[in-house]
Amino acid sequence: MLTPMAIALGSNLGDRREMMDRAVEALDCVPGLELQAISSLYESAPWGDTDQDAFLNAAVVGECSLKPEELLRATQRIEQQLGKRVLRKWGPRAIDLDLLLFGDRVADTESLTLPHPHIRGRPFVFRPLAEVAGGRWAEFTQPDEAGRELMGDTKALEPQGVWPSRPVAQEWEMESPTEATTGGLGERFGAAARAGDLFALCGPLGAGKSCLVRGIARGLGLIGPVPSPTYTLCREYPEARIPFQHWDFYRLGDDDDLESTGFTDKSDEPAVIAIEWADLFREQLPADRCVDVRIERQTADDTRRLRFRFPPGALRLRVAAASPSASESLHARSGN
């Protein structure tokens with residue numbers, strides 16, 4: 001059974017934005033936790049101990065199959081991995097992750113209090129929570145007297161990094177009315193990609209797979225044509241920001257054909273990989289790295305419908321798909 005949950009994040013040491021990015025990406029990798037929305041970033045004056053630098057703050061919401069104590073331990077592991085050191089009570093933090101709410105669960109133990117007792121008195125908590133809670137937990141997103149007095153100490157910042165302030169479901173659907181829209185999505189994917197990312201593209205002839213690949217190539221910094229590798233099977237671009245491999249499985253007949261291409265070895269190289277006709281050998285692709293993209297051409301007009309499924313941990317690519325410039329008809333849906 002999945003339980004809705006909310007976590008607050010804060011940082012005021014070092015590169016605060018980078019630390020927040022890393023914390024959210026780490027949360028996105030926690031087994032049993034699916035992030036569904038991320039708030040904007042907020043900057044706030046220090047609370048409690050005012051002799052320190054300003055904080056960056058945010059909130060994430062999602063659904064969880066873990067017990068609250070298990071989720072708490074997962075957040076504590078992330079804090080330790082990112083170098084959290086408690087210098088003094090309410091003092092500076094490289095990263096702080098607070099479990100705010102876990103469904104309707106009430107707890108009061110030495111290690112965990114639910115709901116978090118200070119939500120309504122801290123604008124840097126209730127403001128980002130209100131942004132992404134979607135009406136849930138409404139009683140906690142309204143400030144108490146202390147919270148109203150501190151409202152001016154917290155301001156929203158322009159979104160950057162992994163901060164889309166919108167849903168980030170692991171499954172997306174998008175309508176692309178033009179090749180430019182499809183290519184623009186690919187370009188955002190390429191700009192956000194890291195070595196090891198693999199885009200498995202499926203769809204009939206003329207659906208727009210090659211258009212999306214050309215966009216990915218541009219996002220990786222490639223200038224010039226990116227021709228189809230239908231007859232060569234693979235074209236490599238070592239000059240890209242990250243080495244880029246463009247595969248086409250259309251002419252492969254069986255697993256022996258795939259093995260003869262050397263794909264298994266080459267797919268382990270530190271590169272970004274895009275595969276056209278990936279559905280022919282989907283079972284042979286690493287599930288933990290694959291962004292599945294299915295493109296369908298609509299019969300009524302020239303619009304394309306794109307469906308995405310992202311692996312856990314691919315938050316930056318989910319954010320790229322969720323960019324408001326992708327399409328006015330972009331919408332998210334969660335599910336498995």
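Keep in mind that the numbers below use all heavy atoms, side chains included, and drop hydrogens, waters and symmetry copies.
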Exercise for the section: Report yes if the side chains of Leu150 and Thr154 come closer than 4.5 Å at any heavy-atom pair, otherwise no. Expected result: no
Practice task
Would you confirm whether Thr141, through its side chain, and Ala130, through its main-chain N or O, come within 3.5 Å as a donor-acceptor pair?
Solution key: no
Exercise for the section: Say whether, by atom type as modelled, one donor and one acceptor occur between the side chain of Glu79 and the main chain of Leu97 under 3.5 angstrom. Expected result: yes
Exercise for the section: Answer yes or no: is there a donor N or O on one side and an acceptor on the other, between the side chain of Arg218 and the main chain of Glu187, under 3.5 Å? Expected result: no
Exercise for the section: Give the minimum heavy-atom separation between Cys234 and Pro229, together with the two atoms involved. Expected result: N-CB, 3.9 Å
Problem - Beyond-backbone contact of Met5 with Leu33, side-chain heavy atoms, under 4.5 angstrom - result: yes
Problem - Arg241 side chain to Gly190 backbone, donor-acceptor under 3.5 Å - result: yes
Practice task
Might you confirm whether atom CD of Glu179 has over 12 heavy atoms from other residues, nucleotides or ligands at distances under 6.0 Å?
Solution key: no
Problem - Test applied, side-chain contact (heavy atoms from CB on, under 4.5 Å); reference residue, Lys209; option that passes from Thr182, Leu201, Ile275, Asp248 - result: Leu201
Exercise for the section: Give the cluster check for Met174 versus Leu212: same hydrophobic cluster or not, with ILVMFWY residues linked at side-chain heavy-atom distances below 4.5 Å. Expected result: yes
Problem - Glu239 CD to Leu222 CG distance, which is reported to the nearest 0.5 Å - result: 5.5 Å
Practice task
Looking only at non-hydrogen atoms, find the nearest pair between Phe126 and Met151 and report the distance.
Solution key: CZ-SD, 3.4 Å
Practice task
May I ask you to decide if the ring planes of Phe189 and Phe199 are parallel, tilted or perpendicular, using 30° and 60° as cut-offs?
Solution key: tilted
Fill in the blank from the handout: Minimal heavy-atom distance between Leu35 and Arg318, with the atoms involved, is O-NH2, 3.0 Å
Problem - Audit row: Tyr250, Glu276, side chain to side chain contact (heavy atoms under 4.5 Å, CB included) steps and yes/no - result: CA-CA 7 Å; Tyr250 181 70; Glu276 299 189 46; over 6 Å; no
Exercise for the section: Please determine if Asp53 and Arg16 form a salt bridge, counting it only when a charged side-chain N lies under 4.0 Å from a carboxylate O. Expected result: no
Exercise for the section: Can you measure from CG (Asp197) to CG (Leu317) and round to the nearest 0.5 angstrom? Expected result: 5.0 Å
Handout entry: Note, Cys290 side chain near Arg282 side chain (heavy atom, < 4.5 Å)
Key = yes
Handout entry: Side chain to side chain, Val60 and Asp28, heavy atoms closer than 4.5 Å
Key = no
Exercise for the section: Return the minimal non-hydrogen interatomic distance between Pro270 and Ile242, and the atom names on each side. Expected result: O-CG2, 4.2 Å
Exercise for the section: Flag yes if more than 12 heavy atoms outside Asp104 fall under 6.0 Å of its CG atom; otherwise flag no. Expected result: no
Handout entry: Minimum side-chain heavy-atom gap Arg105-Thr3 below 4.5 Å
Key = no
Problem - Interatomic distance, Thr109 atom OG1 to Leu72 atom CG [nearest 0.5 angstrom] - result: 8.0 Å
Handout entry: Euclidean distance, Leu100 CG relative to Leu9 CG, rounded to 0.5 Å
Key = 9.0 Å
Problem - Atom pair OG1/CD of Thr264 and Glu259 - distance to nearest 0.5 Å - result: 4.5 Å
Handout entry: Side-chain heavy-atom pair Val125, His118 within 4.5 angstrom cut-off
Key = no
Problem - Partner of Glu173 under salt bridge (Lys or Arg N to Asp or Glu O under 4.0 Å), chosen from Arg294, Arg309, Arg305 - result: Arg305
Exercise for the section: Verify the distance criterion only: is there a donor paired with an acceptor across the side chains of Ser111 and Glu69 at less than 3.5 Å? Expected result: no
Handout entry: Atom CG of Leu205 with >12 non-hydrogen neighbours under 6.0 angstrom
Key = yes
Exercise for the section: List the steps, then state whether salt bridge (Lys or Arg N to Asp or Glu O under 4.0 Å) holds for Glu269 with Lys266. Expected result: CA-CA 5 Å; Glu269 295 178 0; Lys266 293 192 70 63; 3.5 Å; yes
Problem - side chain to side chain contact (heavy atoms under 4.5 Å, CB included) between Ile7 and Leu99, intermediate numbers included - result: CA-CA 5 Å; Ile7 294 173; Leu99 181 54; 4.0 Å; yes
Exercise for the section: Check whether more than 12 heavy atoms from other residues, nucleotides or ligands sit under 6.0 Å from atom CD of Glu139, and answer yes or no. Expected result: yes
Problem - Backbone N/O of Gly103 and side chain of Trp137: donor-acceptor pair under 3.5 Å - result: yes
Exercise for the section: Could you label the plane-to-plane angle of the Phe249 and Trp247 rings as parallel, tilted or perpendicular, counting under 30° as parallel and over 60° as perpendicular? Expected result: perpendicular
Handout entry: Distance-only donor-acceptor check, side chains Glu131 and Ser40, under 3.5 Å
Key = yes
Exercise for the section: Determine, for Arg307 against Glu171, whether the closest basic-nitrogen to carboxylate-oxygen distance falls under 4.0 angstrom. Expected result: no
Handout entry: Side chain Arg304, main chain Ala207, donor-acceptor under 3.5 Å
Key = yes
Exercise for the section: Answer with yes or no after comparing the ring centroid distance for Phe263 and Phe281 against a 6.0 Å cut-off, counting only values under it. Expected result: no
Practice task
Taking all non-hydrogen atoms of both residues into account, name the closest pair between Ala74 and Val30 and its distance.
Solution key: CB-CG1, 4.0 Å
Handout entry: Residue pair Pro204 / Arg297, side-chain heavy-atom distance below 4.5 Å
Key = no
Handout entry: Atom pair CE (Met20) and CZ (Phe55), whose distance is rounded to the nearest 0.5 Å
Key = 10.0 Å
Problem - Salt bridge present between Arg122 and Asp98 (N-O < 4.0 angstrom) - result: no
Exercise for the section: Ignoring hydrogens and angles, tell me if any N or O in the side chain of Ser11 forms a donor-acceptor pair with the backbone of Ala94 under 3.5 Å. Expected result: yes
Exercise for the section: For residues Arg148 and Pro143, report the shortest heavy-atom separation together with the two atoms involved. Expected result: NH1-O, 3.1 Å
Practice task
Determine whether Arg136 and Val61 make a side-chain contact, defined as any pair of heavy atoms from C-beta on separated by less than 4.5 Å.
Solution key: no
